[in-house]
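Working notes, structure below.
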Number of protein chains: 2
Amino acid sequence: MEKNASKKLDKSTEEKIKSAARLLFQQKGFAGTKTRDIAEAAGINLALLNYYFRSKEKLFELIMKESLGGFFSVLKNIFNDPNSTFEEKIEQLADTYISNLLLNPDIPTFILSEVRNNPETLLAVMNSKTFMIESVFLAQLQEKIKQGECQPIHPMHFLMNLLGMTVFPFVSKPMLLHLGIKSESDFTALLEERKKLIPIWIKAMLKT
Amino acid sequence: MEKNASKKLDKSTEEKIKSAARLLFQQKGFAGTKTRDIAEAAGINLALLNYYFRSKEKLFELIMKESLGGFFSVLKNIFNDPNSTFEEKIEQLADTYISNLLLNPDIPTFILSEVRNNPETLLAVMNSKTFMIESVFLAQLQEKIKQGECQPIHPMHFLMNLLGMTVFPFVSKPMLLHLGIKSESDFTALLEERKKLIPIWIKAMLKT
DNA sequence: GTCTATATACGGATAGAC
DNA sequence: GTCTATCCGTATATAGAC
C-alpha cells in the first residue's frame with residue numbers, strides 16, 4: 001500500500017530515470033549522452049542516478065539489454081512458432097515489427113550501432129548464436145525449396161531481404177525525411193502500407 | 001619539387017590526420033572519438049590536429065561532408081544518367097554500391113546515424129532536396145507503370161526496397177556476423193552474389 | 001611545421017547534510 | 001530517498017620553445 005499506491009499516477013523515481021535514459025541513449029548513443037542530461041530529462045538530481053544505478057555504464061547496459069531482449073524475443077517467438085505457416089510468419093513479422101517500430105523508431109539504429117561497439121552484449125541476451133539459422137522458419141523455407149515450391153535461395157539472402165525491407169526504412173528515416181518523404185505522417189502511412197506489401201513482394205521474389 | 005616530391009611516398013601530415021580521423025569517426029562517431037586517438041593513429045602530435053583543422057568539430061564536418069558527398073554523387077550520377085535504361089540503372093546501383101561499400105563497410109552506419117543528429121549537413125551537401133524524386137530513374141519507373149510494363153508502386157517504396165536490399169546488409173553486418181554469417185569472407189561472398197541477385201529480385205517484385 | 005607543457009572546461013561520481 | 005557542493009579524471013584547445 002505504502003508506495004505502490006501512487007505507482008499508477010506518478011512513476012517511481014527509478015522508472016523516471018530509466019525512461020529518460022532509454023530515450024536519450026536510443027537517440028544519441030552511449031558516448032553522446034551525458035548523465036546530467038538524463039537527470040534533467042528525468043526531473044531529478046544527478047546524484048540519484050548513481051544512487052539507483054551505480055554508474056552510467058551499468059544504466060546503459062540495463063537499457064541495452066532490455067532493448068535487445070525486446071527486439072529478439074519477438075523475433076524468436078515468430079521464427080519458432082510451430083503452429084504458423086511460412087507465409088503467416090512473414091505476415092506476422094512485417095506486421096508486428098512495423099507496429100512496434102512505429103512506436104519506437106530509434107531502436108534499430110540504436111541496437112545496430114551499439115552492437116558494433118560491443119558485440120558481446122548480443123551473446124549475453126541470446127543464449128544461442130544459431131537460433132535464426134536453426135529456426136522453424138528457415139526449416140520451412142528449406143522445405144519449400146526442396147519441394148520445388150520456390151526458387152533456391154541462401155537463407156541469409158532471404159533474411160537480409162526480409163529484415164532489410166522491414167527495418168531499413170526506420171534506420172534511414174532521418175534521411176528519407178529529407179529526400180522525398182514530406183512529413184512524419186506520410187512516413188507512417190507508407191509504413192502501414194508496407195505491412196501488406198512486404199509479404200507480397202517477398203513471395204514474388206521467391207517465385208522467380 | 002620541394003615537398004611534393006615525397007607526396008607519393010609519405011602522405012602529408014594533413015592527409016595523415018584526415019585518414020586517421022575518417023577511420024575513427026566512421027567507426028565510433030563524433031562523440032565516441034577522442035582527438036588524442038586521432039593524433040595517435042595518425043602518428044603525430046595532438047597540437048598538430050588543431051594547427052591544421054582548428055577544432056575537432058571542424059575536422060568532423062570536413063570528413064562528414066566528404067563522406068556524404070562521395071555517397072550521394074555516385075547516387076546522383078546513376079539516377080540521372082540519360083543514356084542508361086531503367087534496368088541498367090538498377091544493375092549499376094547494386095554493383096557500384098556493393099563494390100564501394102565492401103571497401104568501406106562503416107560508411108552507411110556513419111552517415112545514417114550522424115545525419116540523425118545533424119540533418120542540416122545533408123542540405124549543405126545536396127543542393128536539391130528533390131533530386132531523387134525528380135530523377136530520370138524515377139521518371140523511367142513512372143513511365144513503365146504507365147505503359148503497364150510493371151505494377152503500380154509508390155516511388156518511395158521502390159527506393160526503400162532497392163536501397164534496403166543494397167545497404168542494409170552493411171548496416172547490420174556486425175549483427176549478421178553473430179547471427180548466421182560465419183566470417184568476413186562469407187560476408188563478402190554473399191554480397192558479391194547480391195550484385196547479380198538484387199536486380200533479379202527487384203524485377204520480380206515489380207512484375208507482381 | 002612540430003613538439004612539450006599547460007590552461008580550461010566538462011563529465012562522471014561521491015561526500016555529507018537533510 | 002533526495003538534495004547541494006565538490007572532487008577528480010579526462011578531453012579539447014592553446015602558448016610558446018625549437
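Only heavy atoms go into these numbers, but all of them, side chains included; no hydrogens, no water, no symmetry mates. Here is the naming used below: chain letters follow the sequence lines, and residue numbers restart at 1 for every chain.
Between Phe170(A) and Phe187(A), the gap from one ring centroid to the other is short of 6.0 Å.
Sorted by residue number, the members of residues 50-60 of chain B with any non-hydrogen atom under 4.0 Å from DNA chain C read Tyr51(B), Tyr52(B). The stretch residues 23-35 of chain A touches DNA chain C through Thr33(A), Lys34(A), Thr35(A), each having a heavy atom under 4.0 angstrom from the strand.
Following rounding to the nearest Å, Leu49(B) (CG) and dG1(C) (C1') show an atom-to-atom distance of 14 Å. When the C1' atom of dT2(D) is taken as reference, atom CD1 of Ile44(A) falls 9 Å away, rounded to whole Å. Computed from coordinates, the Lys16(B) NZ to dG1(C) P distance equals 13 Å when rounded to whole Å. To the nearest angstrom, C1' of dC18(D) lies 13 Å from CG of Leu48(B). Between Ile17(A) atom CD1 and dG1(D) atom P there is a gap of 11 Å when expressed in whole angstrom units.
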Distances under 3.5 Å between nitrogen or oxygen atoms of protein and nucleotides 4-6 of chain D:
{"unit_1": "dT4(D)", "atom_1": "OP2", "unit_2": "Asn45(A)", "atom_2": "ND2", "d": "3.1"}

Which atom pairs, donor and acceptor, lie under 3.5 Å between side-chain atoms of residues 33-44 of chain A and protein residues at least two apart or in another chain?
{"unit_1": "Thr33(A)", "atom_1": "OG1", "unit_2": "Leu24(A)", "atom_2": "O", "d": "3.3"}
{"unit_1": "Thr33(A)", "atom_1": "OG1", "unit_2": "Gly29(A)", "atom_2": "O", "d": "2.7"}

Check: residues 57-74 of chain A side-chain donor-acceptor pairs under 3.5 Å, at least two apart:
{"unit_1": "Glu66(A)", "atom_1": "OE2", "unit_2": "Lys18(A)", "atom_2": "NZ", "d": "2.7"}
{"unit_1": "Ser67(A)", "atom_1": "OG", "unit_2": "Ile63(A)", "atom_2": "O", "d": "3.0"}
{"unit_1": "Ser73(A)", "atom_1": "OG", "unit_2": "Gly69(A)", "atom_2": "O", "d": "3.2"}
{"unit_1": "Ser73(A)", "atom_1": "OG", "unit_2": "Gly70(A)", "atom_2": "O", "d": "3.3"}

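Screening residues 95-120 of chain A for salt bridge (Lys or Arg N to Asp or Glu O under 4.0 Å) gives Asp106(A)-Arg116(B), Arg116(A)-Asp106(B) as the qualifying pairs, with residues at least two apart or on separate chains. Among residues at least two apart or in separate chains, there is no salt bridge (Lys or Arg N to Asp or Glu O under 4.0 Å) pair with a member in residues 125-141 of chain A. Listed by first and then second residue, the salt bridge (Lys or Arg N to Asp or Glu O under 4.0 Å) pairs involving residues 156-179 of chain A are Lys173(A)-Glu184(A) (not counting sequence neighbours).
Side-chain atoms of His157(A) and Glu193(B) include a donor-acceptor pair closer than 3.5 Å.
In this view, Ser99(A) and Lys195(A) satisfy the side chain to side chain donor-acceptor pair (under 3.5 Å) rule, not counting sequence neighbours. Every residue two or more places apart in sequence or in another chain that forms a side chain to side chain donor-acceptor pair (under 3.5 Å) with Ser128(B) is listed here: Thr130(B). Among residues two or more places apart in sequence or in another chain, the ring-ring contact (aromatic ring centres under 6.0 Å, His included) test is passed with Phe158(A) by Phe86(A), Phe137(A). Residues meeting the salt bridge (charged side-chain N to carboxylate O under 4.0 Å, His left out) test with Lys144(A), sequence neighbours left out: Glu87(A), Glu149(A).
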